[in-house]
Amino acid sequence: MEPKWSNIICKRVLLTGFTLCVLFVTKPSSAIDIHADPEVMVQNGTTGTLRCTFKSNEVVSSSTSVTWSFQSSQPDNQFSKAPYVIFYFSNGKGFPGQYEFKDRVLFIGDINKRDVSIQLSPAQFSDNGTYFCDVKNPPDVTGTPAKTELRVVLKESLPPSNTAIIVGAVCGALLLLVLVAVAACVGMRVLHNRHEYEGCTSLESVSSQAPKPRKKVDTSLEGSRSTSPSGPLQGPVIYAQLDHSGSKNSFHKMEPVVYADIRKN
């Protein structure tokens, strides 16, 4: 029994090792990642750009191929039933597809930079629909094609361009900065004038509080006072203690004595 179990274990170990060697030595094919604009709006009669890029772990070579297909969104269009190839690129050359797109599709990408964009000129209302971008870069051949919905409209239906929005935003920001600068200058000037006014007011208050010189008495008034007749002026009242009886038991009586104010002529 023991030799039988040991043989089974050895076979399982060998099988596991062989499987691991196959997994590590054999390189499986990796998926390619393809990106495109979800929606593009183009004015009728102008040039429309359909952008498409891809990511691959393999080096781009002559075997790398690009396929652009179109399926119309209009039921009465001949391309509405299934996607039709309108452009094919391989070995550094482009090959036009259907006759309706033969002279209107131009490859503007760079395969070495992983850019496979195309231009459609002039765009027509019949070009409304879905465009598929598919890239094969062997051994990266597995990937989902990217889709772009193209809408060909009149000029009046176009939304404002990003350039106009950016220019408007920049002009608005500059105008706001100018207004802020002007407001700051006006505010600083008002504060400066207020400080100067307060300084003048304080100086005026200090000068108003200075002692005023006494007015000189008019000489005419002094002359009239000296010449006007006047009687003896009453001087200060002094209380003197007088003894009327001359005796020891007599009480002292306080009587006011008025002294005349004697002035020199």
Side-chain angles (χ1 to χ4, degrees), residues 17-75 77-153 158 161-163:
F18 178 76
T19 304
L20 292 175
C21 290
V22 171
L23 291 176
F24 283 105
V25 174
T26 305
K27 186 177 181 180
S29 59
S30 57
I32 189 170
D33 193 8
I34 308 171
H35 295 276
D37 296 332
E39 184 180 17
V40 175
M41 188 175 293
V42 183
Q43 179 183 347
N44 182 38
T46 62
T47 300
T49 301
L50 304 177
R51 301 190 180 279
C52 181
T53 59
F54 68 94
K55 294 180 181 179
S56 175
N57 295 326
E58 299 296 328
V59 178
V60 176
S61 62
S62 58
S63 60
T64 303
S65 62
V66 181
T67 304
W68 277 93
S69 304
F70 167 68
Q71 184 175 4
S72 177
S73 59
Q74 301 173 1
N77 193 290
Q78 59 177 337
F79 302 111
S80 62
K81 297 180 180 180
Y84 290 83
V85 177
I86 61 173
F87 182 79
Y88 181 76
F89 182 90
S90 181
N91 293 323
K93 296 181 181 180
F95 303 91
Q98 298 293 329
Y99 175 78
E100 287 78 5
F101 295 91
K102 182 177 181 180
D103 298 327
R104 297 192 299 124
V105 176
L106 177 64
F107 184 77
I108 60 171
D110 189 345
I111 195 70
N112 294 320
K113 295 181 179 180
R114 293 169 169 75
D115 184 0
V116 292
S117 303
I118 61 173
Q119 277 186 347
L120 186 62
S121 178
Q124 304 171 1
F125 291 115
S126 59
D127 296 333
N128 284 317
T130 305
Y131 292 78
F132 300 89
C133 175
D134 190 14
V135 182
K136 305 295 183 184
N137 186 32
D140 289 350
V141 294
T142 304
T144 303
K147 296 187 298 182
T148 298
E149 189 73 21
L150 178 63
R151 296 177 56 190
V152 181
V153 297
L158 288 174
S161 61
N162 294 332
T163 304

Below 4.5 Å, heavy atoms only, C-beta onward: do Ile111 and Phe89 meet side chain to side chain? yes

When rounded to the nearest 0.5 Å, the distance separating OG1 of Thr67 from CZ of Phe95 is 11.5 Å

Start with the C-alpha distance between Val141 and Ile32, add both sets of side-chain angles, then the distance that settles side-chain contact (heavy atoms from CB on, under 4.5 Å), and finish with yes or no. CA-CA 7 Å; Val141 294; Ile32 189 170; over 6 Å; no

Does Lys136, at its NZ atom, have more than 12 non-hydrogen atoms belonging to other residues, nucleotides or ligands within less than 6.0 Å? yes

Aromatic rings Tyr84 and Phe79: how do their planes relate, parallel, tilted or perpendicular, breaks at 30° and 60°? perpendicular

Do Gln78 and Glu100 pair up side chain to side chain, a donor and an acceptor below 3.5 Å, judged on atom types alone? yes

Yes or no on side-chain contact (heavy atoms from CB on, under 4.5 Å) for Asp134 and Ile34, after CA distance, side-chain angles and deciding distance? CA-CA 7 Å; Asp134 190 14; Ile34 308 171; 3.8 Å; yes

Set of residues satisfying ring-ring contact (aromatic ring centres under 6.0 Å, His included) with respect to Phe54, sequence neighbours excluded: none

Do you know which two heavy atoms are closest between Asn137 and Glu58, and how far apart they sit? ND2-O, 3.2 Å

Side chains of Ser90 and Ser65: any donor to acceptor distance under 3.5 Å? no

Rounded to the nearest 0.5 angstrom, the CG-CZ distance for Asp33 and Arg114 is 12.0 Å

Taking salt bridge (Lys or Arg N to Asp or Glu O under 4.0 Å) as the cut-off, I'd like each qualifying pair that reaches into residues 37-46, sequence neighbours left out, listed once. Glu39-Arg151

d(Ser62 OG, Lys93 NZ) to nearest 0.5 Å is 12.0 Å

How about Asp115 and Thr53: does a side-chain donor come under 3.5 Å of a side-chain acceptor? no

CG (Leu150) and CG (Asn128) are apart, to the nearest 0.5 Å, by 6.0 Å

Please confirm whether the ring centroid of Phe70 lies under 6.0 Å from the ring centroid of Tyr131. yes

Can you tell me how far CD of Gln71 sits from OG of Ser80, rounded to the nearest 0.5 angstrom? 7.5 Å

If I compare all heavy atoms of Ser121 with all of Thr47, which pair ends up nearest, and what's the gap? OG-OG1, 3.0 Å

Given side chains that start at C-beta, do those of Leu106 and Phe87 come closer than 4.5 Å, heavy atoms only? no

Non-hydrogen atoms of Ser117 and Phe107 that approach each other most closely: O-CD1, 3.7 Å

Euclidean distance, Asn91 CG relative to Ser63 OG, rounded to 0.5 Å: 8.0 Å

Under the rule for side chain to side chain contact (heavy atoms under 4.5 Å, CB included), what residues qualify as partners of Arg104, not counting sequence neighbours? Phe101, Leu120, Pro122, Gln124, Asp127

State, to 0.1 Å, how close Asn44 and Val152 come at their nearest heavy-atom pair, and which atoms those are. CA-CG1, 3.7 Å

Measure across Asn77 and Ser126 and return the closest heavy-atom pair with its distance rounded to 0.1 Å. ND2-O, 3.7 Å

Short side-chain to backbone donor-acceptor contact, Thr148 and Ala36, under 3.5 Å: no

Between Trp68 and Val116, is there a donor-acceptor pair closer than 3.5 Å when you use the side chain of the first and the backbone of the second? yes

